[in-house]
Trainee: 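Take this structure first; my questions come after.
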Amino acid sequence: MLDIELIRKEPEGIKKAIARKGADPALIDEVVLIDRNRRRVLSELERAQSELNRHSKDIANLHGQQKIDAINNAGIWSAKVKELKPEADRSQREFVDIMLLIPNPPLADVIDGASDKENTVNRTVGEISKFSFKPLDHVELGEKLDLIDIERAGKISGSRFYFLKNELVQLEFALAQYAMEILTAEKFVPMITPVLLNREAMTGAGYLPAGEDEIYKTQDDLYLVGTSEQPLAGYHSNEIIDGKNLPLRYAGFSSCFRREAGSHGKDVRGILRAHQFDKVEMFSFCLPENSEKEHEYLVSLEEKIVSGLGLPYQIVNICAGDLGSPAVKKYDVETWMPGQDQYRETHSCSNCTDFQARRLNIRYRDKDGKVAPLHTLNGTAIAIGRMLIAIMENGQQKDGSIKIPEILHKSLNFKEIKR
RNA sequence: GGAAAGGUGGCUGAGCGGUCGAAAGCAGCACACUGCUAAUGUGCUGAGCUCGUAAGGGCUCCGCGGGUUCGAAUCCCGCCCUUUCCGCCA
């Protein structure tokens with residue numbers, strides 16, 4: 001949600017900015033009209049309400065015929081209020097509905113572009129793994145070493161599900177632990193979050209009403225989380241946080257569920273794109289003036305996590321058209337996957353400025369006592385499914401075994417996976 | 001799932017259908033007093049929307065949503081949440 005004051009003040013600027021995201025600038029013209037109408041109706045209602053209050057107040061002290069007259073008189077205003085109320089409610093709803101559809105304008109330094117094709121590589125770190133043999137992909141490795149069973153998952157769940165087996169399960173836990181250790185050392189508060197959220201929380205995080213297709217819904221009107229960003233964003237909803245306690249940083253672990261509705265034929269092989277996976281996510285609530293710095297900080301932690309595992313990666317600048325609705329700027333980390341012979345997205349890090357905070361009503365109080373929306377940011381610490389792929393494919397050896405990154409050795413009772 | 005109690009401002013906690021945005025206490029802030037700390041006194045201390053250049057008005061908010069009424073924190077209905085007991089269960 002944007003600041004309506006800003007829209008009133010400089011509609012043209014916002015139109016241009018959201019157009020860079022591929023949003024329809026006409027939304028702004030529309031919201032300006034709706035806002036104007038809303039305020040007109042509102043002030044009419046409030047005038048009537050004010051009259052009603054004034055008349056009602058006197059009634060208590062009157063008696064006899066005077067009282068009867070006063071009640072009848074007040075009744076006129078009461079009827080007026082009842083008449084105007086539905087209209088005011090309607091225009092308020094109309095206003096909110098459209099406000100929820102307006103995306104957060106990208107920062108000025110975000111590059112132009114319509115889709116991921118225009119994303120640019122910011123920098124590349126680490127040498128691409130070289131093999132004296134033709135590297136297998138994680139599906140072949142998983143079958144050979146009895147680590148992944150996609151076929152049987154199909155029997156019980158359908159496509160885009162998998163069983164993890166044997167050492168890969170231990171590796172999953174070790175990775176979660178590894179990320180948590182790094183983040184708790186940085187004073188992030190570790191969290192395990194709910195994975196079912198009500199509609200309000202999903203809307204607040206910016207994943208609804210757009211994105212309805214992407215989210216699983218239950219018969220109790222609860223939604224399965226696609227990332228623990230969603231519960232973490234809502235954690236402080238409707239709160240006013242003392243500015244001196246910011247930033248508040250959380251590391252959330254959860255399973256993530258995605259319908260992958262729009263991606264039918266895409267990445268159908270293996271576990272890269274699945275309906276369910278586990279992830280450790282970073283989430284930060286911070287002062288508005290610090291959010292750009294915080295963004296770089298979160299990315300630096302992502303890099304620390306990937307490079308600590310000895311994996312080659314690149315940092316990608318996401319172009320305006322490829323940003324999600326809440327983000328004003330986004331970086332992806334793409335990790336090298338030899339089985340695919342390309343870098344693939346394993347991490348994503350977004351600055352959402354006050355977009356989620358406004359929707360979720362999360363504010364801070366500064367030292368002068370002023371209250372204002374704070375900024376939120378999120379970033380992947382480790383998307384475990386994809387990191388498993390990267391470790392398997394990069395660590396494979398000629399004899400068919402997989403060597404495990406050294407940093408994980410202390411939490412595992414094996415240094416390689418072999419049969 | 002069944003039964004009961006309850007949800008009021010940062011916290012504790014009053015609240016009769018009208019003068020309640022809401023007593024009181026605590027915490028916080030400011031000032032005064034005390035040579036310091038403490039204590040004491042006085043005052044201040046919620047948020048949102050809206051009109052206005054401003055000063056300053058108006059409206060809304062006592063879990064959420066409806067209803068009754070000239071008027072609802074207070075009455076009625078529905079829902080949510082919390083606590084306790086029972087049942088079930090990891």
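The chains referred to below are lettered A, B, ... by the order of the sequence lines, with proteins before strands, and numbering in each begins at 1. Everything numeric here is computed off the predicted structure, so don't read it as measured data.
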Trainee: Looking at every strand, decide which applies to A:R40 at a 4.0 Å heavy-atom threshold: base, sugar-phosphate, or nothing.
Mentor: nothing
Trainee: Just call it for A:N53: base, sugar-phosphate, or nothing, with non-hydrogen atoms closer than 4.0 Å on any strand.
Mentor: sugar-phosphate
Trainee: How about A:E200: does its CD atom have over 12 heavy atoms from other parts shown lying under 6.0 Å from it?
Mentor: no
Trainee: Could you please name the option among B:rU50, B:rA47, B:rU60 that lies closest to any side-chain atom of A:R363?
Mentor: B:rA47
Trainee: For the residue pair A:Q177 and A:S411, confirm or rule out a side-chain donor-acceptor distance under 3.5 Å.
Mentor: no
Trainee: What does A:R8 touch in the nucleic acid at a heavy-atom separation under 4.0 angstrom: a base, only the sugar-phosphate, or nothing?
Mentor: sugar-phosphate
Trainee: With a 6.0 Å cut-off (strictly less than), is the heavy-atom count around CG of A:L62, excluding the residue itself, greater than 12?
Mentor: yes
Trainee: What's the gap between B:rG17 and B:rG56 when it is taken at their P atoms, as a whole Å value?
Mentor: 37 Å
Trainee: Checking the side chain of A:N290 only, and the main-chain atoms of A:K293 only, is there a donor and an acceptor separated by less than 3.5 Å?
Mentor: no
Trainee: Could you identify the nucleotide paired to B:rG28, looking across every strand shown and requiring Watson-Crick or G-U wobble geometry with both distances under 3.5 Å?
Mentor: B:rC44
Trainee: Which part of the nucleic acid does A:L52 contact within heavy-atom distance under 4.0 Å: base, sugar-phosphate only, or nothing?
Mentor: sugar-phosphate
Trainee: Which salt bridge (Lys or Arg N to Asp or Glu O under 4.0 Å) pairs, counting each pair once, include a residue from residues 64-77 of chain A, with sequence neighbours left out?
Mentor: none
Trainee: Rounded off to whole Å, could you give me the CG-to-C1' distance for the A:D58 and B:rG71 pair?
Mentor: 12 Å
Trainee: What integer number of Å spans the C1' atoms of B:rU60 and B:rA73?
Mentor: 14 Å
Trainee: Looking only at side-chain atoms of A:A74, point me to the closest of B:rA47, B:rC70, B:rU50.
Mentor: B:rC70
Trainee: Keeping A:D220 on the side-chain end and A:L222 on the backbone end, is there a donor-acceptor pair under 3.5 Å?
Mentor: no
Trainee: Find the partner of B:rA55: check Watson-Crick (N1-N3 plus N6-O4 or O6-N4) and G-U wobble (N1-O2, O6-N3) distances, both under 3.5 Å, and reply none if neither fits.
Mentor: none
Trainee: Between the protein and nucleotides 16-22 of chain B, which nitrogen or oxygen pairs are less than 3.5 angstrom apart?
Mentor:
unit_1	atom_1	unit_2	atom_2	d
B:rG18	N2	A:S56	O	2.9

Trainee: Report which part of the nucleic acid A:R365 touches: base, sugar-phosphate, or nothing (heavy-atom distance under 4.0 Å, all strands).
Mentor: sugar-phosphate
Trainee: Between B:rG71, B:rC59, B:rU50, spot the one nearest the side chain of A:L42, thanks.
Mentor: B:rU50
Trainee: Closer than 4.0 angstrom, basic N to acidic O: yes or no for A:R90 and A:E87?
Mentor: no
Trainee: With both distances kept under 3.5 Å, what pairs with B:rC89, Watson-Crick or G-U wobble?
Mentor: none
Trainee: My understanding is that a pair needs two contacts under 3.5 Å, Watson-Crick or G-U wobble. By that rule, which nucleotide pairs with B:rC70?
Mentor: B:rG18
Trainee: Please determine, for B:rC62, whether a Watson-Crick or G-U wobble partner exists with both distances under 3.5 Å, and give it or none.
Mentor: none
Trainee: List for me each residue that meets side-chain contact (heavy atoms from CB on, under 4.5 Å) alongside A:L147, sequence neighbours excluded, and say none if there are none.
Mentor: A:L145, A:N166, A:E167, A:L168, A:M392, A:I402, A:I417, A:R419
Trainee: Any ion pair linking A:E94 and A:R38 (charged N to carboxylate O, less than 4.0 Å)?
Mentor: no
Trainee: Between B:rG71, B:rU50, B:rG58, which nucleotide gets closest to the side-chain atoms of A:R39?
Mentor: B:rU50
Trainee: If the C1' atom of B:rC77 is compared with that of B:rG25, how far apart are they to the nearest Å?
Mentor: 36 Å
Trainee: Searching all strands shown, indicate the nucleotide that pairs with B:rG6 (Watson-Crick or G-U wobble; both distances under 3.5 Å).
Mentor: B:rC81
Trainee: With P as the reference atom in both, quote the distance from B:rG52 to B:rA47 in angstrom, rounded to an integer.
Mentor: 23 Å
Trainee: Can you check the distance between B:rA24 and B:rU45, where both ends of the measurement are the P atom (answer in whole Å)?
Mentor: 13 Å
Trainee: Determine the Euclidean distance between corresponding C1' atoms of B:rG71 and B:rU19; express it in Å to zero decimal places.
Mentor: 12 Å
Trainee: If we take the C1' atom in both B:rU69 and B:rC11, what is their distance in whole Å?
Mentor: 35 Å
Trainee: Could you identify the nucleotide paired to B:rA23, looking across every strand shown and requiring Watson-Crick or G-U wobble geometry with both distances under 3.5 Å?
Mentor: none
Trainee: With rounding to the closest Å, how many angstrom separate the P atoms on B:rC26 and B:rG43?
Mentor: 14 Å
